> 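Okay, handing you the structure first.
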Protein chains: 2
Amino acid sequence: MGRMPTVDDVAQAAGVSRQTVSNVLNSPDIVRETTRERVQRAISELGYRPHASARRLRTRRSATIGIRLDPLRDGISGAVLDRFLHKLAEQADARDLRVMIFTADGADDELAHIRRLHDGSDVDAFVLIGTVHGDIRQQWLIDNGVPFVSFGRPWGGDLDDPRHRWVDVDGRAGVRDAVNRLRASGSERIAWIGWPSPSGTGDERRAGWEEACGLDEATRAALSLATEDGVDAGAACATQLLSQPTAPDAIVCASDSLALGALMAATAAGRPELPIVGFDNTPVAGAVGLSSVDQPLDEVVAAALELLFGESGGDVRPNPDSNEEPTHRLLVPRLVERRSSHLTLGGITGA
Amino acid sequence: MGRMPTVDDVAQAAGVSRQTVSNVLNSPDIVRETTRERVQRAISELGYRPHASARRLRTRRSATIGIRLDPLRDGISGAVLDRFLHKLAEQADARDLRVMIFTADGADDELAHIRRLHDGSDVDAFVLIGTVHGDIRQQWLIDNGVPFVSFGRPWGGDLDDPRHRWVDVDGRAGVRDAVNRLRASGSERIAWIGWPSPSGTGDERRAGWEEACGLDEATRAALSLATEDGVDAGAACATQLLSQPTAPDAIVCASDSLALGALMAATAAGRPELPIVGFDNTPVAGAVGLSSVDQPLDEVVAAALELLFGESGGDVRPNPDSNEEPTHRLLVPRLVERRSSHLTLGGITGA
DNA sequence: CCCAAGAATTAGAACGTTCAAAATGAACGA
DNA sequence: TCGTTCATTTTGAACGTTCTAATTCTTGGG
């Protein structure tokens with residue numbers, strides 16, 4: 001394995017100068033066609049590949065996106081991150097960008113990592129996921145001029161701050177649609193199992209239920225519960241709801257974990273047909289045949305990259321500070337209906 | 001935001017030469033203590049960070065590991081990859097290594113990506129996951145001198161080839177233990193639901209059942225089924241097994257997806273207490289209270305990095321070609337027992 | 001007091017690329 | 001024929017680091 005060929009080797013083989021080779025790679029249009037072809041041939045004959053680090057050193061851009069892998073949730077919802085990451089890698093590749101991952105314990109540690117990667121010119125821009133109330137990361141990134149985009153709104157902050165680029169999914173609309181669909185199918189007493197307030201995401205989703213369920217305040221109070229995320233918790237809540245004198249005839253949940261628990265509880269309570277809707281459309285939901293609100297992650301990732309890098313290409317836009325163009329995007333999720341003609345917990349179908 | 005300080009800036013501030021600053025960073029032991037302290041102070045005062053690309057250009061090492069994100073499985077098992085990735089990022093960070101991810105359609109595409117990242121000096125070494133029979137990747141990597149380690153044995157190939165570094169989990173032993181545990185608890189007719197042969201991983205796991213179940217060949221034939229992975233498939237198989245005249249009194253499955261299906265089928269068939277064991281100990285198994293064989297991913301990752309980089313540090317070892325030291329590691333999984341005093345599908349417990 | 005040997009530090013070059021500016025070539029109208 | 005203009009190509013420098021080799025400083029023995 002001799003050393004890899006360099007631009008100089010290619011230049012010599014093609015009988016042109018270093019810079020012309022570079023131009024063929026970076027601005028092909030300014031090179032005469034015959035020359036370009038000759039250089040291209042030399043490139044492929046020698047198997048030349050530009051040395052990424054040399055290029056980065058010179059251009060001062062790393063063409064790399066950094067993203068933190070969340071601490072593992074023991075729930076099921078981690079699958080969303082997984083899908084997100086996959087899409088991100090896919091679409092980044094299409095723009096000739098690389099994706100670097102890292103882990104961190106808490107927001108402070110995450111910022112330390114970000115600083116290290118950014119100052120070392122390892123990473124041009126960051127993708128934040130899972131914004132929460134009182135998130136310290138965004139302000140820090142803005143203050144330090146580190147380009148970023150977040151998947152998740154700045155809860156409790158200024159939604160319109162142009163310096164904070166964000167993409168999010170309109171959970172409120174998603175839940176509203178799900179509730180409306182249930183009502184159209186005849187359900188009248190639709191319950192809600194969600195997360196304790198304040199939770200940006202959770203509160204929005206609950207608001208969707210509240211808007212669409214068509215129940216008076218007292219009934220709503222009786223038919224909604226809040227709990228930490230998890231299958232057990234979901235089961236416990238559903239059991240409680242179903243044991244009330246005025247039981248619900250459908251349940252909408254803030255997550256698939258809760259919904260799976262609810263589904264199990266409903267089955268155990270002898271009501272396997274009870275309509276239940278989850279959120280995130282995780283693999284588990286598909287596996288057990290649970291309806292779920294699906295986040296359009298493809299679009300989320302596309303929008304995130306567009307906000308960071310523009311329509312196409314891999315040049316990171318500087319942190320915006322004016323209102324010239326919108327710096328955020330709210331996407332609409334879609335309900336995936338299952339469970340009517342599908343495998344259910346109550347009655348297995350199959351060969 | 002002025003430009004970042006460089007070694008020269010630090011050198012000037014500390015009244016030493018460029019190279020001394022470099023030495024403080026890379027070989028502190030050869031610098032006199034008083035000098036070292038002076039330089040350190042200058043470094044932290046200026047907030048200096050080495051420029052990663054410049055260093056990589058000069059040293060010709062990227063200190064970066066590449067890993068492909070598998071195409072999304074619609075099953076539940078993807079969670080293992082997720083955990084693996086997380087551990088990898090964590091332990092790589094401890095060695096000052098970075099992790100770069102990419103996606104690919106098929107083995108050829110993966111190799112194209114690997115070539116690009118390797119030739120461009122973006123990545124020093126690769127981690128392969130999910131080796132299969134007739135995998136073309138390993139030979140290619142060996143032939144092209146690209147350092148790598150695989151999580152998964154070279155099925156159908158030479159297990160002892162020192163040029164192929166691999167780490168794997170002894171699924172056979174894991175299943176054997178699970179079966180023995182079930183027998184110790186009184187089960188006598190333990191069934192197996194696995195994957196169609198040939199499947200390196202699947203065949204090994206099945207062998208573990210075969211060795212330990214203590215049944216004659218005819219009974220084994222009646223009590224074992226093979227199917228593609230998935231919850232539905234698992235449910236279908238379990239239903240079939242349970243409807244036989246001589247039904248099993250326990251079921252061991254090759255994956256948590258299959259086991260979840262089996263659990264649902266058993267519940268539906270009125271046998272919610274039937275012992276069922278899955279594989280991978282995914283979050284779902286924990287959520288529904290399913291026993292499962294847990295892969296020691298921490299150790300897997302540690303072993304993988306050790307094979308690639310040695311006991312410590314981030315200098316990739318060249319591809320080995322002699323038998324000087326072992327270049328593979330087989331780890332033993334551990335059964336996680338659940339379901340006795342825990343949430344079950346049959347009877348919900350909770351507030 | 002001097003010299004040798006080792007410790008500590010420094011100077012120049014190199015890694016492979018792209019930028020900025022200069023040089024060359026081609027085409028055209030006067 | 002000769003400028004003039006535009007297209008194309010080339011040259012020297014720079015990006016920030018570490019390598020190699022050379023230099024200076026210390027120490028200790030004679």
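These values consider heavy atoms only, across backbone and side chains, with no hydrogens, waters or symmetry-generated copies. All figures in this text were calculated on a predicted structure; none of them were measured in a lab. Order of the sequence lines fixes the chain letters, A, B, ..., with proteins taken first and strands second; residue numbering starts at 1 for each chain.
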> Look at the side chain of Ser53(B) and the backbone N and O of Arg56(A), then say whether any donor-acceptor pair between them is shorter than 3.5 Å.
no
> Taking only side-chain N and O atoms of Asn26(A), does any of them lie within less than 4.0 angstrom of OP1 or OP2 on dT18(C)?
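True: Asn26(A) side-chain N/O within range (under 4.0 Å) of dT18(C) OP1/OP2.
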> Tell me: CG of Asp9(B) to C1' of dT17(D), nearest whole Å?
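Interatomic distance, CG of Asp9(B) to C1' of dT17(D): 13 Å.
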> Does Ser17(B) put a side-chain nitrogen or oxygen below 4.0 Å from OP1 or OP2 of dT9(C)?
no
> What do you reckon, is CD of Gln12(A) surrounded by more than 12 foreign heavy atoms closer than 6.0 Å?
no
> Can you measure Asp122(B) atom CG to dG16(C) atom P for me and round it to whole angstrom units?
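Rounding to the nearest Å, CG of Asp122(B) and P of dG16(C) are 15 Å apart.
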> To the nearest angstrom, how far is Arg36(B) atom CZ from dA7(C) atom P?
15 Å
> Using OP1 and OP2 only, check whether a side-chain N or O of Ser22(B) sits under 4.0 Å from dT18(D).
yes
> Go through residues 42-60 of chain B and report each residue with a non-hydrogen atom lying under 4.0 Å from DNA chain C, sorted by number.
Leu57(B), Arg58(B), Arg60(B)
> If I take atom CG in residue Asp29(B) and atom P in nucleotide dG6(C), what distance separates them, rounded to the nearest angstrom?
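One finds 18 Å between P of dG6(C) and CG of Asp29(B), rounded.
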> Could you check if a side-chain atom of Pro154(A) sits within less than 4.5 angstrom of a side-chain atom of Asp135(A), using non-hydrogen atoms only?
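No. Closest side-chain heavy atoms not under 4.5 Å.
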> Measuring from atom CG of Asp93(B) to atom CD1 of Ile101(A), what distance do you get when rounded to the nearest 0.5 angstrom?
10.5 Å
> Between Arg18(A) and Glu33(A), which has a closest nucleotide on DNA chain D that is more 5'?
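Looking at DNA chain D, the more 5' nearest nucleotide goes with Glu33(A).
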> Hey, are Glu306(B) and Arg329(B) close enough for a salt bridge, meaning a charged N less than 4.0 Å from a carboxylate O?
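So Glu306(B) pairs with Arg329(B) through a salt bridge.
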> Can you check whether Thr35(B) has a side-chain N or O nearer than 4.0 Å to OP1 or OP2 of dT9(C)?
yes
> Rounded to whole Å, please give me the gap between CD in Gln19(B) and P in dA13(C).
15 Å
> Round to the nearest Å and state the distance from Asn23(B) atom CG to dT17(D) atom C1'.
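Rounding to the nearest Å, CG of Asn23(B) and C1' of dT17(D) are 12 Å apart.
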> Would you call Leu117(A) and Phe126(A) a side-chain contact if the rule is heavy atoms closer than 4.5 Å?
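Leu117(A) reaches Phe126(A) side chain to side chain.
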> Send over the distance from Arg61(A) CZ to dT18(C) C1', rounded to a whole Å.
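Checked: the CZ to C1' distance equals 11 Å.
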> Using whole Å, report how far CZ of Arg38(B) lies from P of dA8(C).
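The distance from CZ of Arg38(B) to P of dA8(C) comes to 14 Å, rounded to the nearest Å.
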> On DNA chain C, compare the nucleotides closest to Leu25(A) and Arg32(A); which residue's is nearer the 5' end?
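Result: Leu25(A).
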> For the residue pair Thr131(A) and Trp155(A), establish whether any side-chain heavy-atom pair is separated by less than 4.5 Å.
yes
> Look at Thr20(B) and dT9(C) and indicate whether a side-chain polar atom (N or O) is within less than 4.0 Å of OP1 or OP2.
no
> What's Thr6(A) touching, base or sugar-phosphate or nothing? Going by heavy atoms closer than 4.0 Å.
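It contacts sugar-phosphate atoms only.
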